[in-house]
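Have a look at the structure below, then the notes.
Here is the naming used below: chain letters follow the sequence lines, and residue numbers restart at 1 for every chain.
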Amino acid sequence: MKSKSSKFKIPLTPSQRKAICHVEGPLLVIAGPGSGKTAVITYRIAALIDLGISPHNICAITFTNKAAEEMRQRTRALGTAPGSHISTFHSLCVRILRRYADRAGIKPNFSIYNDSDQSRCIKRAVKECDLDTTNFPPARMLDAVSTRLKNNLIDVDAFKAQADDYFTKNLARIYDRYQHILADHNALDFDDLLAKTAFLLRDCSDVCSELSNRFKFLLIDEYQDTNRAQYIIARALASEHKNICATGDPDQSIYRWRGADIRNILAFEKDWPDATVVKLEENFRSTPNILEAADKLIANNRKRKQKTLIPTKPAGEDIAVTFFEDENDEAQGVVRRIKQLTEQGASLNDIAVFYRVNAQSRALEEAFIREKIIYQVVRGVEFYNRKEIRDLLAYLKVLVNPDDEIALLRIINTPARGIGKTTIDRVRAYAVQNKVSFFEALSKAEDIDSLAKAAQAKLAVFINMLGQFKKDIEGEVAPLAQRVLVESGLEKSLKDEGDEGENALENINELINAASQYDQHTEQPSLLDYLQQIALFSDTDAYDAAAGRVALMTLHAAKGLEFENVFIVGVEHGLLPHERSTVNEDLSELEEERRLLFVGITRAKSQLHISHARYRTIRGQQLRTIPSQFLYELGPTFTDQTDEDQDFDDDTEQTETPNSSFSIQDSKFKKGQLVRHKTFGRGIVKKFVDMGENSIVEVEFSSGRTKSLMLKYANLSKV
DNA sequence: TCAGGAATGCTTTTT
DNA sequence: GCATTCCTGA
């Protein structure tokens, strides 16, 4: 085995070699950022195949499609025989569910519902339960159903059994109703893909052992971000042979809000007592300067396994922390710096800007456009959320799955063909009364007495048109999409719209191009497969590393990537850490925000620029900001540099200087302390973040508003 | 039936 | 600030 590793192009460390050459039994690889983790996984796949193991028996699971694609390419580049299964958890589940649909109690042609489809369904569920959307806000109900219940594999019956108070009982009803709606639509949401698979593996031991026997070697990446359902699936698939290799880094767990359970990786050794554990601590990516900052920051997390980042690169430039006036100045400053970098020979491919929330991209984009620097916003799903794209896709979805009522209602009168609300209501009434699906009722329009003759005729034309399309459902996708575009009248209605319609048509053409790419690159293209695939696209999948553009993305999307030069903007209290993570006492949410910044910092290879601004416009309101506590945690060497090109208004500076009467006794506030503020009046301290002279107090004022204030500026007096 | 404007809600991160 | 829903009048 040892001699085999010589075929790999890079010199390996002893731990890397150990991980690559490990064959049988459970293996946990704790891999710090930049430790060559992806290389280790791909080399290990190659090494297994070299040992004579069939690629068919290897299954690697990644977090994003992008990562899966990269892994496929890298194994291919090593000259490895193809045939191993490399995909995301969700894609794997789709495959399994399609193949064992009857065992899972579903139909194979199911639709996959995204979050907007989900929210429509949950709204309907709340209404059908005769509950008020103010007391039962759909968004929160969905979060409860999705993150708390489905991701934890609590099914409707189990939850009903444990529901004992008014709220929970009603939540159980909503959950029940919601699942019924999805089932009626022959649709699964993202959580169902995982949950149904987990239940299938649990309840059908023959399916479980069949799959477990096929996937004799299981590799799971980003194990720190698996949720309960994914954990159960992994355990089931490895149950026969126990050849499970999990890789991950607890310090990079950033998906707790989506149900990820960091305990899965922390308890790996308990789950698999004879597990081999390998730690990859050497960092081949970043300069020691960057790693030092990352190390200092993450050391502030209490719930954490001690781990250090061992630099291997020579010292580089210190990280820069810059203070701007507002988000536009910040964007301008970033662009100015990028221009300097390119003048020094940097390629735009090597530069990325990260932010906490998508809305922050706007100021940046404006500056990039103004200064004519080309960029890409890594936000792939946005494309699929455009109205015209969703319209065309809805036609295609209905052809595959006529029970998909969301898609059907979307197209029934798009473009306008005179089928209005009254008609739809009457058809639905008929469907309910006769216990047939909405689509069936539509097909029998002439039997619905309540409908006017004109309405019946319009419905017949519509259904007939769908029937014509359906004849071409097999085979290539692009020609069918083109045909639907023209014959549905969508093209004409967009052409009549003028400029906006032109733009929409261009987008549709882009979609059809993408579909024909799919047709060419897939052995047996089918509309069903195509639709199920694009439903699982994510933002990160849109990133094009060779585009010659600066990449703009959220910190979440940055996971797994690396750049020579990284900018992280808006490092302010309320944004990073995000205010939603600071509302309750629970420190673990704050720790996740810290990990998020840690992920961002460790993407940088040679230069890191962090910035924050004095003012920021949030929801249309310009607010005074507070520097993030994380800035102080990066270490004392990184003091603010005010951007040299700007003029500050001296008057505002004056009024903002720290209060001279500020004294040590006053510098500690406890929760519950009553205070007075000169403009906001009386209030009660909700939270105190002690950072010496940079401490932050959160005060709920008598107006009912809660504000975060920086102690040295707030001028608070104790009451 | 439908267009257009007003009102309302929602606004973190994503497979 | 933006998107969706609601509502009104033609």
Side-chain angles (χ1 to χ4, degrees), chain A residues 61-68 87-94 112-116 118-120 123 133-134 137-140 142-143 146-147 150-151 188-195 197 222 225-227 229-230 253-260 354-363 378-382 384-387 412-425 452 454-455 458 532-542 553-559 570 574-583 589 592-593 595-597 599-600 617-622:
Chain A
I61 299 175
T62 60
F63 204 67
T64 63
N65 297 301
K66 187 99 207 157
S87 78
T88 63
F89 256 111
H90 289 82
S91 308
L92 174 68
C93 289
V94 168
I112 298 172
Y113 274 8
N114 67 11
D115 42 357
S116 77
Q118 281 180 291
S119 85
R120 265 162 218 269
K123 270 180 203 161
T133 47
T134 16
R140 274 215 212 125
L142 189 59
D143 184 60
S146 160
T147 316
K150 287 203 203 179
N151 281 335
L188 302 182
D189 64 19
F190 289 131
D191 309 309
D192 285 331
L193 296 177
L194 302 173
T197 307
E222 308 284 11
D225 280 325
T226 51
N227 62 28
Q230 290 166 323
S253 164
I254 52 175
Y255 286 101
R256 203 182 87 109
W257 52 274
R258 213 173 75 189
F354 304 152
Y355 37 79
R356 180 62 178 76
V357 303
N358 278 304
Q360 284 174 266
S361 75
R362 189 192 243 216
V378 180
R379 238 198 144 181
V381 289
E382 208 179 46
Y384 290 93
N385 280 333
R386 287 170 202 265
K387 187 185 168 299
I412 197 165
N413 199 35
T414 308
R417 48 174 74 88
I419 303 173
K421 193 173 178 298
T422 350
T423 308
I424 291 168
D425 285 346
K458 285 173 189 163
Q532 290 185 342
Q533 231 176 68
I534 62 170
L536 297 177
F537 272 2
S538 69
D539 282 343
T540 0
D541 298 327
M553 67 188 90
T554 63
L555 284 159
H556 282 89
K559 190 165 88 161
L575 203 51
L576 185 66
H578 195 272
E579 59 179 336
R580 291 268 279 250
S581 68
T582 62
V583 280
E589 291 192 37
E592 177 146 317
E593 296 286 310
R595 289 194 293 270
L596 195 51
L597 180 57
V599 167
T617 310
I618 292 168
R619 276 171 253 153
Q621 274 205 311
Q622 194 180 53

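- More than 12 heavy atoms of other shown residues, nucleotides or ligands fall within 6.0 angstrom of atom CZ in A:Arg417.
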Could you go through nucleotides 11-15 of chain B and list every protein N or O atom that sits under 3.5 Å from one of its N or O atoms, giving the distance for each pair?
from   : atom 1 : to       : atom 2 : distance (Å)
B:dT12 : OP1    : A:Arg580 : NH1    : 3.0
B:dT12 : O4'    : A:His578 : NE2    : 3.4
B:dT12 : O2     : A:Arg356 : NH1    : 2.6
B:dT12 : O2     : A:Arg356 : NH2    : 2.0
B:dT13 : OP1    : A:Asn358 : N      : 3.0
B:dT13 : OP1    : A:Asn358 : ND2    : 2.7
B:dT13 : O4'    : A:Arg356 : NH1    : 3.4
B:dT13 : O2     : A:Trp257 : NE1    : 3.1
B:dT13 : O2     : A:Arg356 : NH2    : 3.3
B:dT13 : O2     : A:His556 : NE2    : 3.3
B:dT14 : OP1    : A:Thr554 : OG1    : 3.1
B:dT14 : O4'    : A:Arg258 : NH1    : 3.4
B:dT15 : OP1    : A:Ser538 : OG     : 2.3
B:dT15 : OP1    : A:Thr540 : OG1    : 3.0
B:dT15 : OP2    : A:Ser538 : OG     : 3.4
B:dT15 : OP2    : A:Asp539 : N      : 3.4
B:dT15 : O3'    : A:His90  : ND1    : 3.1
B:dT15 : O2     : A:His90  : NE2    : 3.0

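- Taken to the nearest 0.5 Å, the CD atom of A:Glu222 stands 7.0 Å off from the CZ atom of A:Phe63.
- Between A:Trp257 and A:His556, the angle of the ring planes goes over 60°, which puts this pair in the perpendicular group of the 30/60° scheme.
- The CD1 atom of A:Ile618 sits 7.0 Å away from atom CD of A:Glu579, with the distance rounded to the nearest 0.5 Å.
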For nucleotides 2-4 of chain B, give me every protein contact, N/O to N/O, under 3.5 Å, one pair per line with atom names.
from  : atom 1 : to       : atom 2 : distance (Å)
B:dC2 : OP1    : A:Gly418 : N      : 3.4
B:dC2 : OP2    : A:Asn413 : ND2    : 2.9

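- Residues A:Arg580 and A:Glu589 are not paired through a salt bridge, judged by the lack of any N-O separation under 4.0 Å between the basic side chain and the carboxylate.
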Worked check of side-chain contact (heavy atoms from CB on, under 4.5 Å) between A:Leu193 and A:Leu536: CA-CA 11 Å; A:Leu193 296 177; A:Leu536 297 177; 3.8 Å; yes

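- Regarding A:Arg120, its CZ atom lies at a distance of 9 Å from the C1' atom of C:dT4, rounded to whole Å.
- A distance of about 22 Å separates the C1' atoms of C:dT4 and B:dT13, rounded to the whole Å.
- Here the CZ atom belonging to A:Phe190 is positioned 12.0 Å from the CG atom belonging to A:Asn151, to the nearest 0.5 angstrom.
- One finds the CG atom of A:Asn65 at 8.0 Å from the CD atom of A:Gln533 (value rounded to the nearest 0.5 Å).
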